[in-house]
Amino acid sequence: MMVGLGNYCFNYGYSNAVSNNYMSRNDMISAIKSGHTEGISSAQIRSLKRAGAVECSTCASRKYKDGSNENVSFKAASHVSPEASGAAVRAHEQEHVNNAYDKAQKGNGKVLQASVSIKTAICPECGRSYTAGGTTATSIKYDESNPYMKNKKGADYEAMVGKNIDYAV
């Protein structure tokens with residue numbers, strides 16, 4: 001008994017199921033970039049966008065902006081490619097962690113914990129995964145043996161009391 005591959009033909013082009021016309025990958029990329037998508041299936045377009053061969057308009061218009069009151073990057077909305085978004089968001093969140101250590105050092109305190117949470121998402125247009133953002137949570141304990149630090153902590157508390165009240169209830 002002989003086992004073989006049979007009559008399978010492997011090619012590197014794309015076949016359009018509607019018209020059965022053979023169109024090379026480069027021809028499809030050129031057609032899509034020029035706005036002529038007739039004869040190209042949406043699955044083929046999505047595949048080329050996912051591979052990065054054709055630009056995805058959703059990914060191209062995505063911008064990152066920091067919402068904190070700290071002096072860190074992304075204060076002005078900036079574009080980052082999906083491939084670079086992970087590194088950019090991790091570096092940005094590390095800036096928040098570094099700021100917490102600096103603040104603790106200046107205030108004679110100690111960072112008890114610093115955690116970073118990174119969020120990922122899938123682009124609805126091209127299907128590529130990207131880093132959507134991040135959150136940093138820090139906890140600092142200050143030395144309270146100094147009476148001035150106790151007073152400062154009390155003053156901070158009094159300044160914050162009532163800041164989170166929901167008047168709509």
Side-chain angles (χ1 to χ4, degrees), residues 12 14 23-38 40-143 149 152-153 155-169:
Y12 295 101
Y14 294 89
M23 186 182 287
S24 73
R25 183 176 194 264
N26 291 337
D27 291 342
M28 285 199 327
I29 292 169
S30 300
I32 293 168
K33 286 182 178 179
S34 64
H36 302 296
T37 58
E38 305 85 27
I40 303 172
S41 73
S42 61
Q44 290 170 326
I45 294 171
R46 185 177 170 132
S47 173
L48 290 170
K49 286 181 179 181
R50 176 179 276 165
V54 177
E55 184 178 52
C56 167
S57 60
T58 303
C59 290
S61 64
R62 184 177 301 115
K63 295 191 184 254
Y64 292 81
K65 187 174 189 326
D66 179 64
S68 72
N69 59 357
E70 293 184 20
N71 186 20
V72 290
S73 60
F74 294 110
K75 282 302 180 184
S78 303
H79 171 71
V80 178
S81 71
E83 298 83 13
S85 64
V89 170
R90 285 192 303 272
H92 171 80
E93 295 305 325
Q94 184 61 43
E95 290 179 55
H96 287 294
V97 172
N98 292 342
N99 285 348
Y101 277 95
D102 290 344
K103 183 178 177 184
Q105 184 180 18
K106 290 177 184 173
N108 197 19
K110 179 181 178 184
V111 174
L112 298 177
Q113 70 90 13
S115 62
V116 174
S117 166
I118 302 293
K119 297 167 189 72
T120 60
I122 304 292
C123 177
E125 183 179 346
C126 67
R128 281 192 286 185
S129 65
Y130 65 96
T131 303
T135 306
T136 300
T138 58
S139 177
I140 301 172
K141 180 178 180 181
Y142 292 99
D143 180 15
M149 293 308 280
K152 183 178 183 204
K153 185 177 180 182
D156 287 346
Y157 174 76
E158 291 170 9
M160 293 303 292
V161 171
K163 292 287 186 189
N164 295 323
I165 296 176
D166 187 3
Y167 291 105
V169 176

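No experiment lies behind these values; they were computed from the predicted model shown.
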Main-chain N/O of Glu70 paired to Lys75 side chain as donor or acceptor, under 3.5 Å:
yes

CD1 (Ile140) and CG (Asn108) are apart, to the nearest 0.5 Å, by 12.0 Å

Regarding Asn98 and Gln94, do their side chains bring together a donor and an acceptor under 3.5 Å, going by distance alone?
yes

For Ala43, is there any backbone N or O sitting under 3.5 Å from a side-chain donor or acceptor partner on Ser47?
no

Counting C-beta onward and ignoring hydrogens, is there a side-chain heavy-atom pair between Met28 and Leu48 closer than 4.5 Å?
yes

Is any side-chain heavy atom of Tyr130 closer than 4.5 Å to one of Ser85?
yes

Is any side-chain heavy atom of Val72 closer than 4.5 Å to a side-chain heavy atom of Asn99?
yes

Side-chain contact, heavy-atom cut-off 4.5 Å: Ser81 with Cys59?
no

Mind checking whether Arg62 and Cys123 have side chains closer than 4.5 Å, heavy atoms only?
yes

Taking atom types as modelled and ignoring hydrogens, do the side chains of Gln113 and Thr138 form a donor-acceptor contact shorter than 3.5 angstrom?
no

Between Asp27 and Ser24, is there a side-chain donor-acceptor contact under 3.5 Å, judged purely by atom types and distance?
yes

Would you call Val89 and Tyr64 a side-chain contact if the rule is heavy atoms closer than 4.5 Å?
yes

For the pair Phe74 and His92, name the ring-plane relationship: parallel under 30°, tilted 30 to 60°, perpendicular over 60°.
perpendicular

Check: Ile118 main-chain N/O paired with Thr120 side-chain donor or acceptor under 3.5 Å
no

Any donor-acceptor pair under 3.5 Å from Gln44 side chain to Ser41 backbone
yes

Test item: Lys63 and Ser78 side chains (from C-beta on) under 4.5 Å apart, heavy atoms
no

Check Arg46 with Glu125, please: is the shortest side-chain N to carboxylate O separation under 4.0 Å?
no

Side chain to side chain, Arg128 and Ile122, heavy atoms closer than 4.5 Å:
no

With a 3.5 Å cut-off and no angle check, do the side chains of Lys119 and Thr135 form a donor-acceptor pair?
yes

Measure across Ile40 and Ala31 and return the closest heavy-atom pair with its distance rounded to 0.1 Å.
CD1-CB, 4.0 Å

